[in-house]
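Just so we're on the same page: letters track the sequence lines, and every chain starts at 1.
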Number of protein chains: 2
Amino acid sequence: MSNYIFVMTDPEYIITFMTMIRSKANNMIVAEFKKNNITGIAPSHAAILNFLYKSKIKLRMVDIAEQIQRDKSTLTVLVNKLVKLGYVKRERSDEDSRITYIVLTKKALELKPTFTRIARLMIKTAFKDFDQKEQKLLMDKLGKLYNNY
Amino acid sequence: MSNYIFVMTDPEYIITFMTMIRSKANNMIVAEFKKNNITGIAPSHAAILNFLYKSKIKLRMVDIAEQIQRDKSTLTVLVNKLVKLGYVKRERSDEDSRITYIVLTKKALELKPTFTRIARLMIKTAFKDFDQKEQKLLMDKLGKLYNNY
DNA sequence: AAAATATAGTTTGACATAAAACTAATGTCA
DNA sequence: TGACATTAGTTTTATGTCAAACTATATTTT
């Protein structure tokens, strides 16, 4: 028994609280994957795939790293796993041989509907009972917080 | 050059956005530590120390784990480091020998003013130009988001 | 009292993550 | 053209993190 009651909505713990929210969201994503027999995939991998699904042009490592907000060295590891699991392939550019394009495999394309459905579910779940105005308000306040650092 | 512009305030990326905020906050904490010649300490370690500073009773591993929202196995590793750096000591309970109390050393107590000052600075920075109402509103919306999962 | 269960903490194994150092290729500029 | 700087990506190293298995002790149940 602790003498201390952790009040998550105390502004002092806003960062911890946001971490908790992220953790819950991630758990839900992983659970949804499991329901759909998708294993070995973490939310970060899903973020890569979702970005690839949406893109109309070939994407380089740096493009993806920027989008999912991870270091390029982290991305190398994440993509390695996606390659190993058969979701993506690396393709060396002809024009600039420094560049590697990451392209979806047939396996990944077949799963596109599942992944996009889960992505939509996540947003819908997060903002359940938020109206448009409320949603914008939250994002604005978070934006302000972000800029304060 | 990506064809995609990452709009951080798009509700779709709320989790990524919160991760970015956390990252910025963490970077600032680490920078503040460096300024004060405190090295080898990550934000999670600081969270442990800050909790110990505030507590009026001896704290067990589980108490701390609950407060800083980490698995107990993670806490073992974090505390190991704090022991190694000389900030805390482990103390076996006499009444219940399963229990280990974590107690601050002299070194840690001397640094209490510095740690609490940095903790206050972090909150002040986060909520710069937030009035009381705005602050509460943000926390309420985050609370709603949290409960939606 | 013995057996079963619960609790506290550590160890092990796996993984996401980032910083720094590195390789390789391209671009710039004097 | 040659030297220097930039860019793309990987490797290396280190760390925070969790889940599962484990040890040890205490509590509950039968």
**Q.** d(CG, A/Asp96; P, C/dT23) in whole Å
**A.** 19 Å
Q: Summarise protein proximity over nucleotides 16-22 of chain D in one line of letters, 5' to 3': B for base, S for sugar-phosphate only, - for none, counting protein heavy atoms closer than 4.0 Å.
A: SBBBB--
Q) Can you check the A/Ile99 CD1 to C/dA25 P distance for me, whole Å? A) 13 Å
Q | Sequence neighbours excluded - salt bridge (Lys or Arg N to Asp or Glu O under 4.0 Å) pairs with any residue from residues 19-33 of chain A | A | A/Glu32-A/Lys35
Q) Can you check the A/Ile64 CD1 to C/dT17 P distance for me, whole Å? A) 14 Å
Q. C/dT10 C1' sits how many Å from B/Asn80 CG, rounded?
A. 9 Å
Q.
Let me check something: do B/Val103 and B/Val79 share a hydrophobic cluster, defined by ILVMFWY side-chain heavy atoms less than 4.5 Å apart, either directly or through other members?
A. no
Q.
Classify A/Ser97 by what it touches in the nucleic acid, base, sugar-phosphate, or nothing, heavy-atom distance under 4.0 Å.
A. sugar-phosphate
Q: Examine D/dT10: is either OP1 or OP2 under 4.0 Å from a nitrogen or oxygen in the side chain of A/Arg90? Give yes or no.
A: yes
Q: Rounded to the nearest angstrom, tell me the gap between atom CE in A/Met61 and atom P in C/dA24.
A: 18 Å
Output a table of nitrogen or oxygen pairs between the protein and nucleotides 3-7 of chain C separated by less than 3.5 Å.
from: C/dT7; atom 1: O2; to: B/Arg98; atom 2: NH1; distance (Å): 3.1

Q: Sequence neighbours left out, what pairs pass side-chain hydrogen bond (donor to acceptor under 3.5 Å, both in side chains) with at least one residue falling in residues 125-137 of chain A?
A: A/Glu134-B/Lys141, A/Glu134-B/Lys144, A/Lys136-A/Asp140
Q) Taking ILVMFWY side chains as joined if any heavy atoms are under 4.5 angstrom apart, and letting links pass through other members, which residues group with A/Leu137? A) B/Leu137
Q. With sequence neighbours left out, which residue pairs that include part of residues 100-111 of chain B fulfil the side-chain hydrogen bond (donor to acceptor under 3.5 Å, both in side chains) condition?
A. none
Q. Within this structure, what is the CG-to-C1' distance between B/Leu82 and D/dT15, rounded to whole angstrom?
A. 14 Å
Q: If a pair satisfies salt bridge (Lys or Arg N to Asp or Glu O under 4.0 Å) and one of its residues is in residues 92-103 of chain A, list it, with sequence neighbours excluded.
A: A/Asp96-A/Arg98
Just distance, no hydrogens or angles: give the donor-acceptor pairs under 3.5 Å from side chains in residues 113-123 of chain B, sequence neighbours left out.
from: B/Thr116; atom 1: OG1; to: B/Lys112; atom 2: O; distance (Å): 2.9
from: B/Thr116; atom 1: OG1; to: B/Pro113; atom 2: O; distance (Å): 3.1
from: B/Arg117; atom 1: NH2; to: B/Asn36; atom 2: OD1; distance (Å): 3.4

Q: Could you state the atom-to-atom distance from CD1 of A/Ile48 to C1' of C/dC15 in whole Å?
A: 14 Å
Q) Between B/Ser23 (side chain) and B/Thr19 (backbone), is there a donor-acceptor pair under 3.5 Å? A) no
Q | Nucleotide D/dA8, atom P - distance to CD of A/Glu66 in whole Å | A | 11 Å
Q. Going by the salt bridge (Lys or Arg N to Asp or Glu O under 4.0 Å) test, which pairs reach into residues 75-91 of chain A, not counting sequence neighbours?
A. A/Lys58-A/Glu91
